[in-house]
There are 2 protein chains.
Amino acid sequence: MAVSKTEEFNKVDIELAEIAKALSHPARIKILKILNDLDSCMVGSIVDLLPLSQSTVSQHLKELKRVDLIKGEIEGPKICYCINPIVLEKAMNGFNKLFLQVCKC
Amino acid sequence: MAVSKTEEFNKVDIELAEIAKALSHPARIKILKILNDLDSCMVGSIVDLLPLSQSTVSQHLKELKRVDLIKGEIEGPKICYCINPIVLEKAMNGFNKLFLQVCKC
DNA sequence: TATATTCATCGTATATTTACGATGAACGAT
DNA sequence: ATCGTTCATCGTAAATATACGATGAATATA
């Protein structure tokens, strides 16, 4: 974009938008579901369940990690990813607050 | 992107990702709040409350309209935008379902 | 120490997003 | 009929996102 105006908005809106951006690709939504379902949280197991290359999946994981929706723990040569329930709950509350605030229904 | 793989994911995830994408910019989150607060829903009134040009705001409105989060009604030379409560509720339910499904908390 | 496994990152190509000013279409008012 | 208002769209520029293969770093094992 020409020049970002993002910083001119309020912090709550910026943060919620960041979470929304992290959820704005079906691969990343599916990754959250996979992490919840799977016992093994290795990247390889996730790659096997997605129609994407390992490097692409790694980028999607990075995006989820960027907003702390997931965290990665090193286990030898592997990395165990898991959902960060604190941030997930914060995200849920943020969306609910927005929707309830904005919905006259 | 090289080639989109989006169609290889399931429909529910794709649709939720589309909603998330529409909410992935603070201007669009603020627009929803503005539409809720304001009596007048003219584009000009929205532009006045955002640090963006009229054409940029129009693009953000288009993105929200694309996923039916808002609808526009022509009133003479003006257009009255308002929130679509049906889609908003669907979005809220979609996010809640995801978060509850994925959160072991 | 050499090898295999696991994963992030680099480099790259293309698509999309974000932003603006300029223009044009539609309508009401003069 | 002309003019002002309102808004979408076009054209454009720059940033970001999405995808891949190749490479490299880190660890465990032989």
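In what follows, chains are A, B, ... by sequence order, proteins preceding strands, each numbered from 1. Predicted model only: the values in this text are computed from it and were never measured.
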*Test item: B/V102 and A/L35 side chains (from C-beta on) under 4.5 Å apart, heavy atoms*: no

_Comparing A/P51 and A/I74 on DNA chain D - which has the more 5′ nearest nucleotide_ = A/P51

*May I have the distance from A/M42 (atom CE) to C/dA4 (atom P), rounded to whole angstrom?*
18 Å

_Please report the distance, rounded to the nearest Å, between NZ in A/K78 and P in C/dA4._
18 Å

*Answer yes or no: does a side-chain N or O of A/T56 lie under 4.0 Å from OP1 or OP2 of D/dA19?*
no

*Quick one: label B/L52 by what it contacts on the DNA or RNA (base, sugar-phosphate, nothing), any heavy atom closer than 4.0 Å.*
sugar-phosphate

*Side chain proximity check, A/Y81 to A/E73, heavy atoms < 4.5 angstrom*: no

*Indicate the atoms forming the closest heavy-atom contact of B/I14 with B/E7, along with that distance.*
CD1-CA, 4.4 Å

*Interatomic distance, B/K62 NZ vs C/dT16 P [rounded to whole Å]*: 13 Å

*Figure out the CG/C1' separation between B/L61 and C/dA19, and round it to whole Å.*
15 Å

_Most 5' of A/S45 and B/G76 on DNA chain C, judged by nearest nucleotide_ = A/S45

*Name the nucleic acid region contacted by B/Q54, choosing base, sugar-phosphate or nothing; use a 4.0 angstrom heavy-atom cut-off, strictly under.*
base

*In whole angstrom, give the distance that lies between atom CD1 of B/I79 and atom C1' of C/dG28.*
15 Å

*Quick one: which of D/dG21, D/dC7, C/dA19 gets closest to the side chain of B/V43?*
D/dC7

*Establish, with yes or no, whether the OP1 or OP2 oxygen of D/dA17 is under 4.0 angstrom from a side-chain nitrogen or oxygen of A/H60.*
no

_Can you see if the side chain of B/S58 gets near the phosphate of D/dA8 - specifically, an N or O under 4.0 Å from OP1 or OP2?_
yes

_Whether A/F95 and B/F95 hold their rings parallel, tilted or perpendicular, with breakpoints at 30° and 60°_ = parallel

*Separation of A/L64 atom CG from D/dT18 atom C1', in whole Å?*
14 Å

*Examine the side chains of B/N93 and B/N96 and answer whether a donor and an acceptor come within less than 3.5 Å of each other.*
no

_How many whole angstroms separate atom CZ of B/R66 from atom P of C/dT17?_
7 Å

*Atom CZ of B/F9 to atom P of D/dT18: distance rounded to whole Å?*
11 Å

*Looking across every strand, which nucleic acid part, if any, lies under 4.0 Å from A/E63 by heavy atom: base, sugar-phosphate, or nothing?*
nothing

*Answer yes or no: side-chain N or O of B/Q59 and base N or O of D/dA8 forming a donor-acceptor pair under 3.5 Å.*
no

*Does A/K21 have a side-chain nitrogen or oxygen under 4.0 Å from the phosphate oxygens OP1 or OP2 of D/dA17?*
yes

*D/dC20 phosphate, OP1 or OP2: any side-chain N/O from B/K5 under 4.0 angstrom?*
yes

